[in-house]
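What follows is a set of notes on a single structure, which appears directly below.
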2 protein chains.
Amino acid sequence: MDTTQRTEQQRSADRRRRELLEAADRVVLRDGPGASMNAIAAEAGITKPILYRHFGDKGGLYAALAKRHTDALLDSLRAALDAPAERRERVEATLDTYLAAIEARPQVYRFLMHPAEGSPGDQGFDVGKHSAPLLRRMGEELAQVIEERLDLGPGSQQLARVWGHGIVGMMHAAGDWWLGERPCSRAELVRGLADLLWGRLAAAGDKVGGPGF
Amino acid sequence: MDTTQRTEQQRSADRRRRELLEAADRVVLRDGPGASMNAIAAEAGITKPILYRHFGDKGGLYAALAKRHTDALLDSLRAALDAPAERRERVEATLDTYLAAIEARPQVYRFLMHPAEGSPGDQGFDVGKHSAPLLRRMGEELAQVIEERLDLGPGSQQLARVWGHGIVGMMHAAGDWWLGERPCSRAELVRGLADLLWGRLAAAGDKVGGPGF
DNA sequence: CGTGCATGTTACTTGCGGTAACCACAGTCT
DNA sequence: AGACTGTGGTTACCGCAAGTAACATGCACG
């Protein structure tokens, strides 16, 4: 039968695909997210049309590339989040894992956060449709963990999602800023964010002699 | 002297510039952030080189455009943040103001969050350098307010900045997600986020019968 | 042998950012 | 009046990257 053949070819195609992705990875890491298809193809030792046969268009390639890294990052985040420890410790570990990841490979991070957007024929874009899918996935993931671990009373599911996306956004924006300016150590940043989540904003006293009242 | 003449010409140029910006605004709002220079020029009733004479390059135009909206948004946020009210109320008002803004004009919002990035000759990009400047500005602004209003003890300045960027990121990501899925009303979202900032995450009890321990 | 069929190539089209060179009209100087 | 300058405008082009069409090649199967 040709089933065995088909699987055989399938495997070959998959291997090819993985090789191509790795080449794309190298060149994107080297040249940034603006890497051209020509450059990627050259790095892979082939030419453009093959890339298009495999991934459809640039968006497809980038999506596949992003999925790899996103999955990897999400795995490590899950590990930190699921560790058997106090909640505060888990939160800090998760924050630290994320920050360590973006610190170690800023190029990857930058690529993930700004996937191809300027592609022509891009109409019909409902807001947020192709806005960083990594953030969305992380938000959903975190929401799930929150919802299944915490007792939030009625409306817990929606609240968990709000918090999931909110916390992820906090982590992301703070990390982005921190990576650009490096105003403090990673540990300090982690502590600061955890403190924020732990309600220190609400607990802090008004500054004496402040403006207004 | 030609000083009066110069100011005269300056004014004419400024008026022109504003007209061009308004045309650009219209077309960006209509066609999204991927709007071409040609389209913008056509909308303004002129041709490309004039745009380039005024704004240098596409990045310049987009920066000018973004500055207008960013300034406007920041103004309304400042108003909400500086209102004479309890802290929680102020926070909720600020969140609501932001969400109302992005809800009212999602196209503007989307444009602001993803300014041109794919320009060629883009190497030497330190991470975060051209990543959404609106977020940065909002973060810094909020940090300043926090720092001058709250008594945070030692290291208050850095902590305030961490919180500023963190909170802004939270607001942004949650808003982005919410705008895409509309899973709940604006008021519910505001409440949820404020609750998060008020430490309900830390205060929540473990779910009974949860997985693991 | 020829017929598929996957893999690869060259060479092209299209569209965009950006620029050079040219045009026209206002005012100014002599 | 007529040459001189500068400002707002245009056409026509370059370079480059995405994406495609059409052609070539190698290999299994009847």
Side-chain angles (χ1 to χ4, degrees), chain A residues 1-21 23-24 27-28 31-65 115-123 130, chain B residues 1-21 23-24 27-28 31-65 115-123 130:
Chain A
M1 290 297 161
D2 35 18
T3 61
T4 60
Q5 275 190 350
R6 267 219 171 158
T7 57
E8 178 53 36
Q9 291 177 196
Q10 197 88 351
R11 284 194 185 186
S12 160
D14 279 9
R15 232 184 34 228
R16 212 48 172 173
R17 189 186 160 94
R18 221 167 298 164
E19 290 172 16
L20 297 187
L21 275 180
V27 67
V28 163
D31 297 356
S36 83
M37 293 298 263
N38 256 328
I40 294 173
E43 170 73 29
I46 50 157
T47 49
K48 270 193 302 177
I50 301 182
L51 286 181
Y52 285 97
R53 283 232 254 273
H54 274 267
F55 301 102
D57 64 350
K58 190 170 186 169
L61 202 178
Y62 274 31
L65 210 51
E117 64 165 10
S119 41
D122 217 6
Q123 47 232 53
H130 29 23
Chain B
M1 281 304 162
D2 36 15
T3 61
T4 60
Q5 276 189 349
R6 268 217 170 159
T7 56
E8 180 52 38
Q9 291 176 197
Q10 197 87 350
R11 283 191 185 190
S12 158
D14 278 10
R15 231 184 34 227
R16 211 52 177 168
R17 189 186 160 94
R18 220 168 298 164
E19 290 173 17
L20 297 186
L21 276 180
V27 66
V28 163
D31 297 355
S36 83
M37 292 299 261
N38 257 327
I40 294 173
E43 170 72 29
I46 48 155
T47 49
K48 270 194 300 176
I50 301 184
L51 287 181
Y52 285 97
R53 282 232 252 273
H54 274 268
F55 302 102
D57 64 351
K58 189 169 187 170
L61 202 178
Y62 275 30
L65 210 51
E117 64 165 11
S119 41
D122 217 7
Q123 49 231 50
H130 27 23

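Numbers restart at 1 for each chain; the letters A, B, ... are given by sequence-line order, proteins then strands.
- Nucleotides of DNA chain D nearest to B:Lys48 and B:Arg16 differ in position, and the one nearer the 5' end is that of B:Arg16.
- Picking from D:dT20, C:dC16, C:dT9 the nucleotide with the shortest atom distance to the side chain of B:Ser36 gives C:dC16.
- Interatomic distance, CG of B:Leu20 versus CD1 of B:Ile46, reported as 5.0 Å (0.5 Å rounding).
- One finds no side-chain N or O of B:Arg53 lying less than 4.0 angstrom from the OP1 or OP2 phosphate oxygen of C:dG18.
- The listed nucleotides are C:dT9, D:dT10, C:dG17; the one nearest the side chain of A:Ile50 is C:dT9.
- Rounded to an integer number of Å, the gap from CG of B:Asn38 to P of D:dT11 is 11 Å.
- Between C:dT10, D:dG19, C:dG17, one nucleotide has an atom nearer to the side chain of A:Asp57 than all others, and that is D:dG19.
- Test A:Asp31, A:Leu51, A:Leu65 against A:Ile40 for side chain to side chain contact (heavy atoms under 4.5 Å, CB included) and you get one pass: A:Leu51.
- Atom CZ in A:Phe55 sits about 16 Å away from atom P in D:dT20, given to the nearest Å.
- One atom, CG of A:Asp14, and another, P of C:dA6, lie 15 Å apart when rounded to the nearest Å.
- Nucleotide D:dT25 holds its C1' atom 16 Å from the CD1 atom of A:Ile46, rounded to whole Å.
- Here the side chain of A:Pro49 is nearest to one of C:dA20, C:dT9, D:dA18, namely C:dT9.
- Residue A:Thr47 has no polar side-chain atom (N or O) positioned under 4.0 Å from OP1 or OP2 of C:dG8.
- As a whole-Å value, the separation of A:Ile40 CD1 from D:dA17 C1' is 12 Å.
- Remark: P of C:dT7 and CG of A:Leu51 are 13 Å apart, rounded to the nearest angstrom.
- Scanning all heavy atoms of the two residues, the minimum distance from B:Ala41 to B:Lys48 falls at CB-N, 3.7 Å.
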